[in-house]
Number of protein chains: 2
Amino acid sequence: MLRMSKLTDYGTLILAHLSGTGDELQTAADIAGRTGLGVPTASKLLKILGKAGLVTSVRGSHGGYQLARSADQISAAEVIDALEGPVAITVCSNGVGNCEIESLCLVGSAWQRINVAIRRALKDVSLAQLTVTTGTDYPLIDLTSAVRPEEQHLGKDGSH
Amino acid sequence: MLRMSKLTDYGTLILAHLSGTGDELQTAADIAGRTGLGVPTASKLLKILGKAGLVTSVRGSHGGYQLARSADQISAAEVIDALEGPVAITVCSNGVGNCEIESLCLVGSAWQRINVAIRRALKDVSLAQLTVTTGTDYPLIDLTSAVRPEEQHLGKDGSH
DNA sequence: TTAATTCGGACCATTTTAGTACCTTTTGCG
DNA sequence: CGCAAAAGGTACTAAAATGGTCCGAATTAA
């Protein structure tokens, strides 16, 4: 759950690094060196981040990269969007209502709702917050309303 | 984000189907037919779900499968655990403190915190709730405390 | 013009995922 | 007892995603 690819991790790392270097331009090679990533990999990620509008780039000699906005104006949701792409849950491809596996649509849409909820929560977490080292307390997430207000009396089993 | 494999979707589908058939035993072939899945695939999934303790099985002729508990006693977190396995974010493998990419640990742990929070929320969503078709309202998730109480005044950009 | 850089692809190796098959074990029933 | 109908386990193969690399084109400062 919440499986992230390595590249997403690396991308976050780059963004974190960039958020600590003011507004000086940093070359891809530079960033690679500081983060420990390979130059081609860092370069690739920077392109992706650039396309997503999270970093700005200056071409030509003396060019480089820079955070497009301050770290507290970049949300975790944007970071994930940029690096993982918009992720779709296996949806029935026949259009709503006419799929042969009727129930798949329903189940799929349930996960989808949860997905949306999580994504929404991630919009309120900033890159700046992500890079904070301290803060061992875990977030509170309430999904109960995702599923319908009335069913809330159950649960409470404490299993597994 | 929240990338789920097809099998997880299928598995949920099977569970959803099973939650609608009382306590009669259903053969793998039966379930496959009703859900539209291939028999080998359904069979494979049922084995996995069985091992995870979400369904019980009866062997021998006249055997079959059955939900191990009622649908509201099975949490979404368990479903994901069973089908996706315990998922770890790319962690630095050198042990905390001595990884060459120092910041990777930190960033990784941030995602980890978020991961934990999400998983916790998923524990409160039951299979029964997942299969409810109505309920178009989305869940509320609050990640702010995941990152530190004091930083809460930011955000509010409404970008993208 | 030359050197430093980003940009945009294409490309390939490795890993994951999905699906299938085969054989074993268990159990009801004639 | 012996057969048939089931689940259980394992291993295998094909396809897709992932991670990583490289190369040529475009851009710009000196």
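Chain identifiers are assigned alphabetically (A, B, ...) following the order of the sequence lines, protein sequences preceding nucleic acid strands; residue numbering begins at 1 within each chain. Bear in mind the structure is a predicted one, so any value in this text is a computation, not a measurement. Just so you know, these numbers use all the heavy atoms, side chains as well, and skip hydrogens, waters and symmetry mates.
Atoms CG (B/Leu46) and P (C/dG19) sit 15 Å apart, rounded to a whole Å. Going from atom OH of A/Tyr65 over to atom P of C/dT5 covers 12 Å, rounded to whole Å.
For the helix from C/dT1-D/dA30 to C/dG30-D/dC1, the axis fitted to the five pairs at one end and the axis fitted to the five pairs at the other end meet at an angle of 10° (nearest 10 degrees).
Listed by chain and residue number, A/Ser5, A/Glu84 satisfy the side-chain hydrogen bond (donor to acceptor under 3.5 Å, both in side chains) test with A/Thr8 (two or more places apart in sequence, or in another chain). With sequence neighbours left out, the side chain to side chain contact (heavy atoms under 4.5 Å, CB included) criterion links A/Ala32 to A/Val39, A/Ala42. For A/Thr21, there are no side-chain hydrogen bond (donor to acceptor under 3.5 Å, both in side chains) partners, not counting sequence neighbours. Looking at residues two or more places apart in sequence or on another chain, you find a side chain to side chain contact (heavy atoms under 4.5 Å, CB included) between A/Ala28 and A/Ser43, A/Leu46, A/Tyr65. Applying the side chain to side chain contact (heavy atoms under 4.5 Å, CB included) criterion to B/Ala52, with sequence neighbours excluded, gives B/Leu54, B/Ala82. Looking at residues two or more places apart in sequence or on another chain, you find no side-chain hydrogen bond (donor to acceptor under 3.5 Å, both in side chains) involving B/Ser61.
Other cluster members for B/Leu25: B/Val58, joined by side-chain heavy-atom distances under 4.5 Å among Ile, Leu, Val, Met, Phe, Trp and Tyr.
Here A/Ser57 reaches the OP1 or OP2 of C/dC7: one of its side-chain N or O atoms lies under 4.0 Å away.
Here B/Ala28 lies in heavy-atom contact (under 4.0 Å) with sugar-phosphate atoms only.
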Restricting both atoms to N or O, compile the protein contacts to nucleotides 11-17 of chain C shorter than 3.5 Å, with distance only.
residue : atom : partner : partner atom : Å
C/dT17  : OP1  : A/Arg3  : NH1          : 2.6

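The listed nucleotides are C/dT6, C/dG19, C/dG8; the one nearest the side chain of A/Thr27 is C/dT6.
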Requested in this report: Assign a letter to each nucleotide of nucleotides 24-30 of chain C from its 5' end: B, base within under 4.0 Å of a protein heavy atom; S, sugar-phosphate only; -, no contact.
Outcome: -BBBSS-
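On the nucleic acid side, DNA chain D contacts chain B at distances under 4.0 Å to non-hydrogen atoms, with the end points of that region at D/dA5 to D/dT18.
At distances below 3.5 Å, at least one donor-acceptor pair connects side-chain atoms of A/Gln66 with backbone N or O atoms of A/Asp23.
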